[in-house]
Peer 1: 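Once you've had a glance at the structure underneath, I'll fire off some questions.
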Amino acid sequence: MKFNFHVSPSLKGSLTTQKIMLELTVGLMILFLLSCFYNGTTYGASYVLHEILLLVSSLVTMFLCESIFAKIYKENPITYMKKSFGWVTSIILTLMVPITMTVYALIIATIFAIVFGKLLFGGFGQNIFNPAGVGRAVIFAAFTSAAATGITTGATPTAYLANTFNWLPASAEALDSFLSQYGGFANLALGFYDGALGETFTLAIVLIGIWFCVRKIIDWRVPVVYLGTIFILTAVVALLSGIDSYHGIPAFIWYPFLHMVTGGIVFGAVFMLTDPVTSPTSAQGRVIFALGAAVITVLLRLKANLPEGCLYSILLMNMFTPMIESSLDGVQLVIKKKAYIMAGCLAILGLAVSFYAATSVEPVTTAATATEKTALAETVRMEETL
């Protein structure tokens, strides 16, 4: 007598890892093309060529690194890369840097992202940290002043908002002073301003993210919880710090929206936090992961010497992923109770962060004050350089 059995789970979906990575690649390349369009129409063809050179140099570096490791493991390089998906890391990393980035800096960052961020851990599926995040952290640490010759742009909104307004433009005058530099809220949402190559196009990223959620490419809980938590925490900050309304729009609405359209938190929510390798596997774990990242992002934005906050919040929560996984392992009813307790603790921590930021960050109420702060920051920078 012959017995047949099938190992669980028995459900089989139409999406494979290859299809998921292909759709991710398409979404990322849409942002790359939008960036090429912006830089081409704003600065000229030479900027587009430099942007293409950045992407090509990162992809070539990735190919060489993974080919070497393929040879070490005695595998065909092409076959190895088909299951390693290193090109996704290269594209994400390229979209996280500004157009002013030098080619050699991106090459070194790509080496760190591919080799130290992924391959040394055993390759795709084994890495602890988000590889593209590792590469971007290397740029933050070692190449913040690396600028390509002949490539110049204006100040990014995150740097300007953090250095000049302490992330708290507390009056309509101060907010107008900021928005006038970047074409208002509408242009900030569209993304046609200077910043990281692919992180500025908030509206396009949201549409791509919705498509990914519908297609089940990513878990919708992660971006919704992450962005929703940031919205709520910054709304609390607006209420506690006494920020004025803006043309009839309450502060607890326009101020969180300002955080949404400034910087790369929407890009991080869709393309980085949802990484299935470096985030928890359970739904409850992903919610806690996103909630923790949101709390850290708000804390870093408002109180740390880091204008963005999203990148390091992801890398920090990557370290907590194994602990979250082990904490939510066991009987379902017990797991559910643990998840509620962990989420509640993080929510209380987030409210404490909002209270701390609202009471310790000095709001900027006038454009004149903002101008003085900018001049002082520039003087300090020049003195440090000398």
Side-chain angles (χ1 to χ4, degrees), residues 31 35 38-39 92-93 95-101 132-133 136-137 139-141 143-147 152-170 174-206 226-227 230-231 233-234 237-238 243 254-273 293-294 296-316 357 361-364 370 373-374 377-378 381:
L31 298 179
S35 179
Y38 167 71
N39 286 309
I92 292 176
L93 178 58
L95 292 176
M96 292 173 69
V97 303
I99 189 66
T100 55
M101 184 57 53
R136 188 66 178 99
I139 292 176
F140 268 130
F143 298 105
T144 52
S145 60
T152 58
T153 61
T156 63
T158 49
Y160 186 51
L161 192 57
N163 296 329
T164 305
F165 296 94
N166 297 334
W167 274 105
L168 279 175
L175 184 58
D176 277 328
S177 175
F178 168 74
L179 293 177
S180 63
Q181 305 291 321
Y182 303 101
F185 275 118
N187 197 59
L188 282 174
L190 290 173
F192 294 109
Y193 58 87
D194 296 325
L197 295 178
E199 292 181 349
T200 63
F201 305 103
T202 302
L203 181 59
I205 297 170
V206 168
Y226 178 69
L227 297 176
I230 291 176
F231 193 97
L233 295 182
T234 50
V237 171
I243 297 176
W254 73 253
Y255 183 65
F257 185 73
L258 180 64
H259 277 269
M260 295 295 110
V261 297
T262 305
I265 62 173
V266 178
F267 180 89
V270 173
F271 290 104
M272 299 184 68
L273 273 169
I296 295 173
T297 298
V298 173
L299 177 63
L300 293 180
R301 278 195 166 195
L302 295 175
K303 291 301 298 179
N305 189 26
L306 298 167
E308 180 53 65
C310 178
L311 169 65
Y312 288 105
S313 72
I314 294 172
L315 293 177
L316 287 171
V361 177
E362 179 184 358
V364 176
K373 285 175 59 63
T374 302
E378 181 63 21
R381 187 190 66 80

Peer 1: Give, for atom CE of M260 and atom OH of Y255, the distance between the pair rounded to the nearest 0.5 Å.
Peer 2: 10.5 Å

Peer 1: For side chain to side chain contact (heavy atoms under 4.5 Å, CB included), just list the numbers for V237 and V361, CA-CA rounded to whole Å, side-chain angles, deciding distance to a tenth of an Å, and then say yes or no.
Peer 2: CA-CA 10 Å; V237 171; V361 177; over 6 Å; no

Peer 1: With sequence neighbours excluded, what pairs up with A293 under the side chain to side chain contact (heavy atoms under 4.5 Å, CB included) test?
Peer 2: Y226, L273, S313, M317

Peer 1: How many angstroms lie between CG in L302 and OG1 in T297, if you round to the nearest 0.5 Å?
Peer 2: 10.5 Å

Peer 1: Mind checking what makes side chain to side chain contact (heavy atoms under 4.5 Å, CB included) contact with A204, not counting sequence neighbours?
Peer 2: L31, L34, F201

Peer 1: Out of curiosity, L95 CG to I205 CD1, how far, rounded to the nearest 0.5 Å?
Peer 2: 8.5 Å

Peer 1: Minimum heavy-atom separation for T262 and P157, please, with both atom names.
Peer 2: CG2-CB, 3.8 Å

Peer 1: For the atom pair CG (L227) and NE2 (H259), what is the distance rounded to the nearest 0.5 Å?
Peer 2: 12.5 Å

Peer 1: Roughly how far, to the nearest 0.5 Å, is the CG atom of L175 from the CD1 atom of I243?
Peer 2: 9.5 Å

Peer 1: Where is the tightest heavy-atom contact between T202 and V266, given as atom of each residue plus distance?
Peer 2: CG2-CG2, 3.8 Å

Peer 1: Under 3.5 Å, which donor-acceptor pairs do the side chains of residues 179-188 form with other protein atoms, sequence neighbours left out?
Peer 2:
residue, atom, partner, partner atom, Å
S180, OG, D176, O, 3.1
S180, OG, S177, O, 2.9
Y182, OH, A155, O, 2.9
Y182, OH, T156, O, 3.4
N187, ND2, Y182, O, 2.9
N187, ND2, F192, O, 2.9

Peer 1: If every non-hydrogen atom of L258 is compared with every non-hydrogen atom of P169, which pair is closest and at what distance?
Peer 2: CD2-CG, 4.1 Å

Peer 1: Minimum heavy-atom separation for A137 to L311, with atom names?
Peer 2: N-CD2, 3.8 Å

Peer 1: What residues, two or more places apart in sequence or in another chain, satisfy ring pair (Phe, Tyr, Trp, His ring centres under 6.0 Å) together with F267?
Peer 2: F271

Peer 1: Look up atom CD1 in I92 and atom CD in E199, then write down how far apart they are to the nearest 0.5 Å.
Peer 2: 10.5 Å

Peer 1: So which atom in Y193 and which in G263 form the shortest heavy-atom distance, rounded to 0.1 Å?
Peer 2: OH-N, 4.1 Å

Peer 1: Holding to side chain to side chain contact (heavy atoms under 4.5 Å, CB included), I want the full list of residues that pass it with V97, two or more places apart in sequence or in another chain.
Peer 2: M101, L106, R136, I139, L197

Peer 1: Applying salt bridge (charged side-chain N to carboxylate O under 4.0 Å, His left out), which residue pairs with at least one partner in residues 296-305 are found, sequence neighbours left out?
Peer 2: R301-E308

